[in-house]
Amino acid sequence: MTRLRTDVACCPTDEGMVLLDERDGRYWQLNATGATVLQALLDGAGPEQIADRLAATRPVPRDRAAADVTALLDRLTRCGLVVDAP
């Protein structure tokens, strides 16, 4: 399961979501799809489940959805915004 780091705040917006890394004051903006993916991860869904949902509800092939979910999760992890929950 994925969770936000304790020093990362998030706020939904009309266009998606904004994350604030309180360690360095940097803001990160997610579009609506990115916000949907992150919220699903935080709610306990796995990347494969999320890719299935995206492919079923958006005009994107399943393999592309899976690659995009993986890429977003990797980026959020590398930037230190999310971590694996114990």
Side-chain angles (χ1 to χ4, degrees):
M1 185 165 167
T2 301
R3 68 173 177 80
L4 291 174
R5 289 181 51 103
T6 57
D7 44 14
V8 174
C10 72
C11 181
T13 67
D14 291 339
E15 293 83 29
M17 183 182 290
V18 173
L19 305 174
L20 169 62
D21 186 341
E22 295 172 351
R23 295 169 297 174
D24 61 12
R26 291 182 69 187
Y27 284 91
W28 302 83
Q29 184 172 352
L30 300 176
N31 65 18
T33 302
T36 297
V37 170
L38 178 56
Q39 189 59 60
L41 288 166
L42 297 175
D43 289 343
E48 295 300 317
Q49 292 173 303
I50 298 167
D52 289 341
R53 291 180 199 167
L54 291 176
T57 59
R58 291 185 166 76
V60 61
R62 169 66 176 68
D63 58 336
R64 176 60 192 254
D68 289 349
V69 169
T70 299
L72 178 59
L73 180 55
D74 288 346
R75 176 77 176 173
L76 293 171
T77 302
R78 279 193 321 270
C79 292
L81 300 171
V82 300
V83 293
D84 289 331

Check your understanding: Hey, any chance Ile50 and Leu4 share a hydrophobic cluster, counting ILVMFWY side chains that come within less than 4.5 Å of each other, even indirectly?
Key -> yes

Check your understanding: Can Leu30 be reached from Trp28 by stepping across I, L, V, M, F, W or Y side chains whose heavy atoms are under 4.5 Å apart?
Key ->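 They do share one cluster, since a chain of ILVMFWY contacts under 4.5 Å joins Trp28 to Leu30.
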
Can you give me every donor-acceptor pair (side chain of residues 51-62, partner residue at least two apart or in another chain, under 3.5 Å) with its distance?
residue, atom, partner, partner atom, Å
Asp52, OD1, Arg62, NE, 2.4
Asp52, OD1, Arg62, NH2, 3.2
Thr57, OG1, Arg53, O, 2.8
Arg62, NH2, Glu48, OE1, 2.4

**Study point:** Results of side chain to side chain contact (heavy atoms under 4.5 Å, CB included) for Glu22 - residues two or more places apart only
**Key:** Asp7, Ala9, Leu20

Point to revise | Contacts of Thr70 that satisfy side chain to side chain contact (heavy atoms under 4.5 Å, CB included) - sequence neighbours left out | key: Asp74

For residues 33-47, run the donor-acceptor check on the side chains, cut-off 3.5 Å, and write out each pair with its distance to 0.1 Å, sequence neighbours left out.
residue, atom, partner, partner atom, Å
Thr36, OG1, Ala32, O, 2.9
Gln39, NE2, Asp43, OD1, 3.0

Let me have the donor-acceptor pairs involving side chains of residues 75-86, under 3.5 Å, with sequence neighbours excluded, atom names and distances please.
residue, atom, partner, partner atom, Å
Thr77, OG1, Leu73, O, 2.8

Check your understanding: Which ILVMFWY residues can you reach from Met1 by hopping between side chains whose heavy atoms are under 4.5 Å apart?
Key ->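 The other cluster members (ILVMFWY side chains, heavy atoms under 4.5 Å, direct or chained): none.
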
Point to revise | Residues, nucleotides or ligands: over 12 heavy atoms within 6.0 Å of Gln49 CD | key: yes

